[in-house]
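Only heavy atoms go into these numbers, but all of them, side chains included; no hydrogens, no water, no symmetry mates. None of these values were measured; they are calculated from a predicted model.
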Amino acid sequence: MGVQLIFVVETNKKCNSDWIYIKDTIEHFYNYDRTQLKLSAVYMDGKGNYRSKKKEREINSLISQYSITSKNNCSMVLYCFDCDDYDSNVADLNFLEEVRQYCRKQCYEFIWFCKDVEEVYLGKRINDSQKKKEAANFKEKKIIVNINAKQLSKEKYGIGTSNIMNILDRCPGLVRKIS
């Protein structure tokens, strides 16, 4: 049986920064059979588009295309969000709860990065104009090897942390490497 993991990320396809960090996390911390696990990305072009009809069609299209190749294939959708100023802005905290409820209702997984993906992987916030460059530098210099799995395995929001590995640990087809 093949599995497709569909990561829905805040960034746009041109920048692609979020996907770089996520893909490096998978490559560094997990073993998987590339013939049995397909990794796909959907770009929200801004987190406010998470439930747009266009993005829902794109997700459903990926699911349909993958299931056509074999009746035994399955897909899992993982939504990825920055927490932003959850700790000082009630609107950001409420947005995260709204997204969590949406994911639960749709049977999607909810991955968060506090305060944003760059703070988790680089230890600092980055201007939008520099995100693509910083992500490319992260990949090129293999900075993922300096990331502690514990900071990616949190249950509760905390600056510089994420729950991504908690979610990935539950994904069929991924087996965490022993460090």
Below 4.0 angstrom, N of the basic side chain to O of the carboxylate: do [X] and [Y] qualify?
X: Asp128; Y: Lys133; value: no
X: Glu27; Y: Lys177; value: no
X: Lys55; Y: Asp45; value: yes

Value rounded to 0.5 Å, distance of [atom1] in [X] from [atom2] in [Y]:
X: Leu37; Y: Asn31; atom1: CG; atom2: CG; value: 11.5 Å
X: Asp82; Y: Glu10; atom1: CG; atom2: CD; value: 4.0 Å
X: Ile164; Y: Ser153; atom1: CD1; atom2: OG; value: 10.0 Å
X: Trp19; Y: Lys13; atom1: CH2; atom2: NZ; value: 12.0 Å
X: Cys114; Y: Tyr86; atom1: SG; atom2: OH; value: 4.5 Å
X: Gln130; Y: Ser17; atom1: CD; atom2: OG; value: 11.5 Å

Would you kindly say whether [X] and [Y] are connected by a side-chain donor-acceptor distance under 3.5 Å?
X: Ser61; Y: Gln65; value: yes
X: Glu97; Y: Tyr102; value: no
X: Gln151; Y: Thr161; value: no

[Y] side chain reached by [X] side chain, heavy atoms, under 4.5 Å:
X: Asn89; Y: Phe95; answer: no
X: Ile20; Y: Lys132; answer: no
X: Ile144; Y: Phe138; answer: yes
X: Ile143; Y: Asn146; answer: yes
X: Val9; Y: Tyr43; answer: yes
X: Lys139; Y: Glu134; answer: no
X: Met76; Y: Gln4; answer: no
X: Ile59; Y: Lys54; answer: no

Hydrophobic clustering (ILVMFWY, side-chain heavy atoms < 4.5 Å, transitive) - are [Y] and [X] grouped together?
X: Leu152; Y: Tyr157; result: no
X: Ile111; Y: Phe29; result: yes
X: Leu5; Y: Val77; result: no
X: Val8; Y: Ile63; result: yes
X: Ile147; Y: Ile26; result: yes

For the ring pair Phe113 and Phe81, is the centre-to-centre distance below 6.0 Å?
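No, ring centres 6.0 Å or more apart.
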When the ring centroid of Tyr50 is compared with that of Phe110, is the distance short of 6.0 Å?
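Between Tyr50 and Phe110, the centre distance exceeds or equals 6.0 Å.
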Apply side-chain contact (heavy atoms from CB on, under 4.5 Å) to Glu98 and Leu96, showing your working.
CA-CA 5 Å; Glu98 178 184 310; Leu96 290 171; over 6 Å; no
Restricting to non-hydrogen atoms, name the atom on [X] and the atom on [Y] that form the minimum distance, rounded to 0.1 Å.
X: Asn16; Y: Thr11; answer: N-OG1, 3.8 Å
X: Val120; Y: Ser162; answer: CG1-CB, 4.2 Å
X: Phe7; Y: Cys80; answer: CD2-SG, 4.0 Å

Taking [X] for its side chain and [Y] for its backbone only, find out whether a donor-acceptor pair lies under 3.5 Å.
X: Asp92; Y: Asp84; value: no
X: Asn12; Y: Lys14; value: yes
X: Asn127; Y: Ser129; value: no

Indicate every side-chain donor-acceptor pair of residues 165-172 with a distance under 3.5 Å to a residue at least two apart or in another chain.
from, atom 1, to, atom 2, distance (Å)
Asn166, ND2, Lys154, O, 2.8
Asn166, ND2, Glu155, OE2, 3.2
Asp169, OD1, Tyr30, OH, 2.6
Asp169, OD1, Arg176, NE, 3.1
Asp169, OD1, Arg176, NH2, 3.3
Asp169, OD2, Arg176, NH2, 2.5
Arg170, NH2, Glu109, OE1, 2.6

Worked verdict on Glu118 versus Lys131 for salt bridge (Lys or Arg N to Asp or Glu O under 4.0 Å)
CA-CA 8 Å; Glu118 290 82 13; Lys131 288 186 178 195; 3.6 Å; yes
Given Tyr121 and Thr25, is the side-chain hydrogen bond (donor to acceptor under 3.5 Å, both in side chains) satisfied, shown in steps?
CA-CA 10 Å; Tyr121 289 97; Thr25 300; 2.6 Å; yes
Which residue in the set Asn60, Ile6, Leu62, Val3 passes side chain to side chain contact (heavy atoms under 4.5 Å, CB included) when paired with Ser75?
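Looking at Asn60, Ile6, Leu62, Val3, the match for Ser75 under the side chain to side chain contact (heavy atoms under 4.5 Å, CB included) is Ile6.
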On the six-membered ring of Tyr32, is Arg34 placed so that its NZ or CZ lies under 6.0 angstrom from the centre and within 45° of the ring axis?
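Yes.
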Check the pair Lys115 / Asp85 against salt bridge (Lys or Arg N to Asp or Glu O under 4.0 Å), numbers first and verdict last.
CA-CA 6 Å; Lys115 290 194 171 187; Asp85 292 319; 3.3 Å; yes
Please lay out, stage by stage, how Arg51 and Glu56 fare under the test side-chain contact (heavy atoms from CB on, under 4.5 Å).
CA-CA 7 Å; Arg51 62 179 172 194; Glu56 287 178 7; 4.3 Å; yes
